[in-house]
Protein chains: 2
Amino acid sequence: MTTQVDSGVRQRTRRAILDAAAAAWARDWSTSLGDIADRAEVSRSTLHRYFPERQALVDALLIDAQDTLERLWTGATAASGSPIESIENIMIAIAEEANRIVFLFSDPSRFAGNPNWRADDDTDDMVDLVRAAQADGTVDSDIDAEFTVGIVYSLVYVAAEAAASGRMPRHKAAEYAVRTFRHGLSPRHHA
Amino acid sequence: MTTQVDSGVRQRTRRAILDAAAAAWARDWSTSLGDIADRAEVSRSTLHRYFPERQALVDALLIDAQDTLERLWTGATAASGSPIESIENIMIAIAEEANRIVFLFSDPSRFAGNPNWRADDDTDDMVDLVRAAQADGTVDSDIDAEFTVGIVYSLVYVAAEAAASGRMPRHKAAEYAVRTFRHGLSPRHHA
DNA sequence: TGAAAATGGGACATGAATGTGTCATTCTTC
DNA sequence: GAAGAATGACACATTCATGTCCCATTTTCA
C-alpha cells in the first residue's frame, strides 16, 4: 500500500516496467512477464507487486501510452500554424517517443473491447487533420484520408526502426519520414 | 507416409494450414496451433500430422513465403525496363500476396539464426535496386537507401492493411502506395 | 464396392508462463 | 543508527499450449 503519494522510487520502478513492456510487446506480444522483468532490471516478484496480473500491466500500459500520445499531440498542434504543419510536428514528436507508443499500433485489434482503449480517437483526429490539409490544398485529395493516416503512422514506424537499429540519429530518421510524407502526398504533380 | 507424390488433397490441406499460419502470425506471433488449425478448418490432429512440431511449421512457412517472394520478384523484374519500374512492380506484386509474405517482416529478429532465413538477401537486392534508381536519378539520393527500402515495405504493408480491412480494392490500395512512393522519393523538388 | 488415405476427436503427459505467498536482504529516510 | 519501504529469491499450485497416442469415421480413388 502506498503511504501518501507514490515515492520517487516507486515512480521510477513503475516507469522502468512500463517502458520495458512497451518495447518488448511492440515486437512480440508473447514476451513473458519474466523477460519483461529482466529488461526492466527488476525481479518478477517486484513486477507482480506493481501489476498483480498481466492484464493490469496491459491496462496501465494502454493508459500510459495514450496519455503520452495526447500530450505530444497537444504540444505539436499548439506549435503549428497549419494542418500540414501539425501533422509533420506530430510525426516528429511520435518518432521521439516511439518506444512508448508503437505497441499501440502493432495490432490494435488486440485491444478491441478494452475499456481503456481510446487511441481510435487520436486516429480520428488525425483523419480530420488530413482532411483539413486536403481542403487546404497542401495534401493530395486524390488519396483516401484514412489511407493517408496509415502512411503517416507507418512512416513514423520506419523512422523509429531506423533510429532503434542505430543506423542513424533519431532526428535524421524523423526528417526523412516527414520529407517523404510532404513530397509523397503533395497534390501538385504531373501525372 | 506419402505414396509417391503428395496427393492433391494433401497439397490443399498443407496450403490451408500455411496460409492460416501466415495470416495469424503476421498479427500475433503467440497465436496457438489450435487457433491456426481452426482458421485452416482442420483439426489440431491433422495440423500435427503435417507439421509434427511448431518449429516444423515455422520452417515450412519461412521457406514457402520466401519462395513466393522470389517468384514475385522474378516476375516483376522481368517485366520492367528500369530500376524504379522494377521497384514499383514488386510493390504491386507483394501487395497482391501480402497475406503470405507480411509475417516475414513483422519481426525479422524472430528468425535470426534460423538456417532457412534468407529474406535478408531479398532486402539486399532491393537496396541494390534503390541504389540503381538513385544513380538513375529517378529516386532521391539524399535519403538513405536502406531507409528507402523500409519505406517501400511499409507502404506495401499499409496497402495490404487497407485492402484486408475491406475499405478499398487491393489494386487501388497498391496504386496509392506506388504513387506515394514515386512522389515521396522523387529527387527533383524545391527545398 | 472395397481398400487405402485422410481426417476428426479425444485422452494423456509434459513444460512453460502465470499467480500467490513467505522470508531474508537492501535501500531510504528521518 | 533505527524503522519502514522496497526489493530479491525462492517455493508452490494452476492454467494453457504443446506433443504424442489411439481409434472411429469420412473421403478418395482404383
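All values below come from the heavy atoms of this structure, side chains included, with hydrogens, waters and symmetry mates left out. Order of the sequence lines sets the chain letters (A, B, ...), proteins ahead of strands, with each chain counted from 1.
Rounded to whole Å, atom P of C:dA17 lies 11 Å from atom CG of A:D38. One interatomic measurement links the two molecules: CD of B:Q11 to C1' of D:dT28, which rounds to 16 Å at whole-angstrom precision. Taking atom CG on A:L57 and atom C1' on C:dA17, their separation rounds to 14 Å, with Å as the unit. Distance, B:D28 CG to D:dA17 C1': 13 Å, rounded to whole Å. If you take CZ of A:R10 and P of D:dT7, they are 7 Å apart, rounded to a whole angstrom. At whole-Å resolution of the value, CG in A:L33 and C1' in C:dA17 are 8 Å apart. Per the geometry, CH2 belonging to A:W29 stands 11 Å off P belonging to C:dT18, to the nearest Å. The nearest whole Å value for the distance from the CD atom in A:E53 to the P atom in D:dT14 is 17 Å.
Using a cut-off of 4.0 Å between Lys/Arg side-chain N and Asp/Glu carboxylate O, B:R170 and B:E97 are scored as not salt-bridged. No salt bridge links A:D67 with A:R71; every basic N to acidic carboxylate O contact stays at or beyond 4.0 Å. Between A:D107 and A:R110 there is a salt bridge, since a side-chain N of the basic residue sits under 4.0 Å from a carboxylate O of the acidic one.
Both B:F51 and B:R12 lie close to DNA chain D; mapped to their nearest nucleotides by heavy-atom distance, the more 5′-ward contact belongs to B:F51. Residue order along DNA chain D, read from the 5' end via each residue's closest nucleotide, puts B:H48 first among B:H48 and B:G8.
Minimum atom distance to the side chain of A:V9 is reached by D:dA6, of the listed C:dA6, D:dA6, D:dT18. Taking the side chain of A:T46 as heavy atoms from C-beta on, and the options C:dG8, D:dG8, D:dT18, the nearest nucleotide is D:dG8.
No hydrogens or angles were tested; on distance alone, nothing pairs the side chain of B:R44 with the base of C:dG10 as donor and acceptor under 3.5 Å.
The cationic atom of B:R39 (NZ for Lys, CZ for Arg) does not lie both less than 6.0 Å from the six-membered ring centre of B:W25 and within 45° of the ring axis.
At least one side-chain nitrogen or oxygen of A:Y50 sits closer than 4.0 Å to the OP1 or OP2 atom of D:dT7. A close approach under 4.0 Å does occur between a side-chain nitrogen or oxygen of B:T13 and OP1 or OP2 of C:dT7. The shortest distance between the side-chain N/O atoms of A:S45 and the OP1/OP2 oxygens of D:dT7 is not below 4.0 Å. In this structure, B:S43 reaches the C:dG8 phosphate: one of its side-chain N or O atoms is under 4.0 Å from OP1 or OP2.
Residue A:E41 is classed as a sugar-phosphate contact, given heavy-atom separations below 4.0 Å to backbone atoms only. As judged by a 4.0 angstrom heavy-atom cut-off over every strand, A:R49 is placed among the base-contacting residues.
Note: B:W117 and B:F111 have parallel aromatic rings, judged against thresholds of 30 and 60 degrees for the angle between ring planes.
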